[in-house]
Amino acid sequence: MIEREVMEFDVVIVGGGPSGLAAACRLMQKAKEFELELTVCLVEKGSEIGAHIVSGAVVDPKALTELFPQWEEDGAPLISNVGRDEVYWLGDEANSRKLAHWMVPKSLHNDGNYVISLGNLCRWLAERAEALGVEIFPGFSAQEISYDDAGHVQGVITGDMGVASDGSEKDGYMPGMLLKAKQTVFAEGCRGHLGKSLIEHFNLDEGRSPQHYGIGIKELWDVPESISEPGAVIHTAGWPLGSNSGGGGFLYHLEKNQVVVGLIVDLNYKNPHLSPYEEFQRYKHHPLISNILKEGKRVSYGARAIAKGGLNSLPQMAFDGGLLIGCDAGTLNPAKIKGTHTAMKSGMIAAECIVDFLSKSDSYGHKLSDFESSINQSWLGEELKQSRNFVPVMHSLGTFWGGVYNWMDQNVFNGKLPLSFKDNVPDYAALELASQHKKIDYDKPDGVLSFDRLSSVFLSNTNHEEDQPCHLRLIDETVPVNYNLAQYDEPAQRYCPAGVYEIVEQETGPSLQINAQNCIHCKTCDIKDPSQNIRWVTPEGAGGPNYPNM
């Protein structure tokens, strides 16, 4: 048994994204209203707040306005309000058709929204949280959950520092701490490894559809001032994905002559030869996109999985001793393709429930049963209810006819059609055998619009201590070659957007090489591996990408 330092708080929050930071801020605001002395700790695995945050992002400010009504006067980094807002259907690599405004589901209209860097918004929220008295510890990964003798969550244990790849202790070894709390809030973002563990431990997804995911790949570009149009928003559907996968592309204009371009690929795709990364490289060559990028310079790259199952896939969010919030649970509104405002609102509701409980009780391990009813009675619950069919319809009917149905559901019936669609096939199980599909011939990168994986990873500023245990763990080391390679041509070689997984030829035959230092923490491997043999866990604290302005 490792002897660990114990630090006790009223509330521990795991994750410095929008949900965790909104919860932290609201906790202190409500504690002041209740005249309650509250100790709150937030741990973030990135080297700083915002280091691991990557999102489009077009943000609805409604939750931020509830949290900080004077955010504009206080300098929140919401600068480029949406102006031009267009959706295109890409028929092929050269053609596009702009959809009339009335043809776009109103949930995708962006009036009143802002094009932002979500990382910068999180940095701003962290400043507010610290000013309110929250203790924020960046560079500390929550490695495992601590349970009490009754099986209730009593906090988290941070990762040990200074452990060598063979498990031995290096010079400067420091064991992780037990951060103990009356309530622990898990806000790790999509496919959080502790959130996943909690769902399994407490069977929180019983009776729910499996969560569904996409992978979002994004780049930040500097463009000439003559091309810059702050607040312009372009969304696309169709090519390059076509019948191979659901999803779509985006290009947003930020301030300071910057644009973000990205592609979201639904992870329920069937063809194991498909590469989301290569599809994104193809996407940038479409004239609609290339005409904006061709005179620019790529300055950053990132990728992240997106939990998009919506209400049907939302697990129970309360359990003995804690709560799941934000994308750790899956609160993104898929009809809007937005999750920041919903994540923040879930964190704010969590904070209000916690303060209400702690104002009456000092006990550990309590289940806040009123949390989910509070969610359901809020505008967050209403949004999720209205968008409940969006994803399963797209999965069932495809991009075009699914889009037609969703237009009718959202524009005519406000999401209240008395029909219920479900997709109960997990994304990994949708993958079909390699023998059933032709290989996809992707062009080599030109170094102008398209690039190789390693140069992209370089732009993500990813860094891990090399001599540490691999955080991409195989349950069975024989599966990648004996099963995945034999049946699916080992799709990890293609679905990973960072070149982490390679099949290399050894004297004894092929083997899987894991380049864990390249990992940008997107979690796609944990989701899409057809054998569910890969477990993503947190590496040593501060490891991973260091995103600027993403």
Side-chain angles (χ1 to χ4, degrees), residues 1-15 20 23-24 27 31 36-45 134-135 137 140-161 163 167 169 173-188 191-208 315-326 328-329 347 350-351 353-374 469 471 473 475 535-538 541:
M1 294 292 292
I2 299 174
E3 188 172 333
R4 300 185 185 278
E5 180 183 353
V6 180
M7 297 180 68
E8 294 197 35
F9 300 89
D10 292 307
V11 184
V12 167
I13 300 170
V14 180
L27 279 165
L36 184 67
E37 291 290 331
L38 207 62
T39 56
V40 177
C41 165
L42 183 149
V43 290
E44 162 57 39
K45 64 184 175 65
V134 177
E135 294 185 56
F137 300 148
F140 286 84
S141 59
Q143 188 71 49
E144 59 182 292
I145 301 162
S146 177
Y147 296 96
D148 64 17
D149 292 339
H152 302 165
V153 173
Q154 65 172 358
V156 294
I157 299 171
T158 64
D160 298 343
M161 305 288 282
V163 178
E169 297 175 6
Y173 167 77
M174 183 172 65
M177 297 179 292
L178 169 58
L179 303 178
K180 196 173 178 181
K182 297 167 186 172
Q183 286 289 313
T184 307
V185 180
F186 294 85
E188 306 161 282
R191 195 72 167 195
H193 89 287
L194 297 183
K196 177 183 173 183
S197 175
L198 287 164
I199 291 170
E200 293 172 352
H201 180 82
F202 288 109
N203 202 21
L204 300 178
D205 58 353
E206 183 178 10
R208 315 295 168 94
Q316 297 177 53
M317 299 169 69
F319 46 86
D320 296 328
L323 301 171
L324 275 176
I325 63 172
D328 217 352
C353 291
I354 290 170
V355 172
D356 182 62
F357 169 73
L358 292 180
S359 68
K360 304 168 186 174
S361 173
D362 210 29
S363 64
Y364 284 76
H366 185 77
K367 180 178 179 179
L368 300 180
S369 301
D370 60 338
F371 176 55
E372 290 182 38
S373 61
S374 298
H471 68 281
R473 298 180 181 174
I475 298 171
R535 292 288 176 127
W536 193 102
V537 300
T538 52

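Owing to the predicted nature of the structure, the values given are computational and were not obtained by experimental measurement.
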**Q.** Minimum side-chain heavy-atom gap Phe357-Asp370 below 4.5 Å
**A.** no
Q) Quick one: does Ile354's side chain get under 4.5 Å of Leu323's, heavy atoms only? A) yes
Q. For Pro315 and Ala329, which heavy atoms make the closest approach, and how far apart are they?
A. CD-O, 3.1 Å
Q | Interatomic distance, Glu188 atom CD to Ser141 atom OG [nearest 0.5 angstrom] | A | 10.5 Å
Q | Residues which pass side chain to side chain donor-acceptor pair (under 3.5 Å) with Ser374, listed by chain and number, not counting sequence neighbours | A | none
Q | More than 12 heavy atoms from other groups under 6.0 Å of CZ on Phe140 | A | no
Q | Gln316 side, atom CD; Leu324 side, atom CG - distance, nearest 0.5 Å | A | 10.5 Å
Q) Which heavy-atom pair separates Lys180 from Val12 by the least distance, and what is that distance? A) O-CG2, 4.2 Å
Q | Atom pair CG (Leu178) and OG (Ser146), whose distance is rounded to the nearest 0.5 Å | A | 4.5 Å
Q.
Can you list everything that forms a ring pair (Phe, Tyr, Trp, His ring centres under 6.0 Å) with Tyr147? Sequence neighbours excluded, please.
A. His201
Q | Closest heavy-atom pair and its distance - Ser359, Asp356 | A | OG-O, 2.7 Å
Q. At what distance, to the nearest 0.5 angstrom, does CD1 of Ile199 lie from CG of Asp205?
A. 6.0 Å
Q. Pick from Ile157, Thr158, Thr538: which one makes a side-chain contact (heavy atoms from CB on, under 4.5 Å) with Glu144?
A. Ile157
Q. Listed by chain and number, what are the side-chain contact (heavy atoms from CB on, under 4.5 Å) partners of His152, not counting sequence neighbours?
A. Asp148, Ala150, Asp320
Q: Search all heavy atoms of Leu27 against all heavy atoms of Leu38 and return the closest pair with its distance.
A: O-CD2, 3.8 Å
Q) CZ/Arg208 to CG/Asn203 distance, rounded to the nearest 0.5 angstrom? A) 10.5 Å
(Q) Could you check whether atom CD of Glu200 has more than 12 heavy atoms from other residues, nucleotides or ligands sitting under 6.0 Å from it? (A) yes
Q: Go through the steps to decide whether Arg4 and Asp160 satisfy the test salt bridge (charged side-chain N to carboxylate O under 4.0 Å, His left out), and finish with yes or no.
A: CA-CA 10 Å; Arg4 300 185 185 278; Asp160 298 343; 2.9 Å; yes
Q: List the atom of Gly347, the atom of Ile325, and the distance in Å for their closest heavy-atom pair.
A: CA-CD1, 3.8 Å
Q) Distance-only, no hydrogens or angles: does the Gln183 side chain make a donor-acceptor pair with backbone N or O of His366 under 3.5 Å? A) yes
Q.
So, taking the atom named CZ in Phe186 and the one named CG in Asp328, what distance separates them when rounded to the nearest 0.5 Å?
A. 8.5 Å
**Q.** Where Ala318 and Leu204 come nearest, the two heavy atoms and their spacing
**A.** O-CD2, 4.2 Å
Q. Hey, is the main chain of Val40 close enough, under 3.5 Å, to the side chain of Asp10 for a donor-acceptor pair?
A. no
Q. Do the ring planes of His471 and Trp536 sit parallel (below 30°), tilted (30 to 60°) or perpendicular (above 60°)?
A. perpendicular
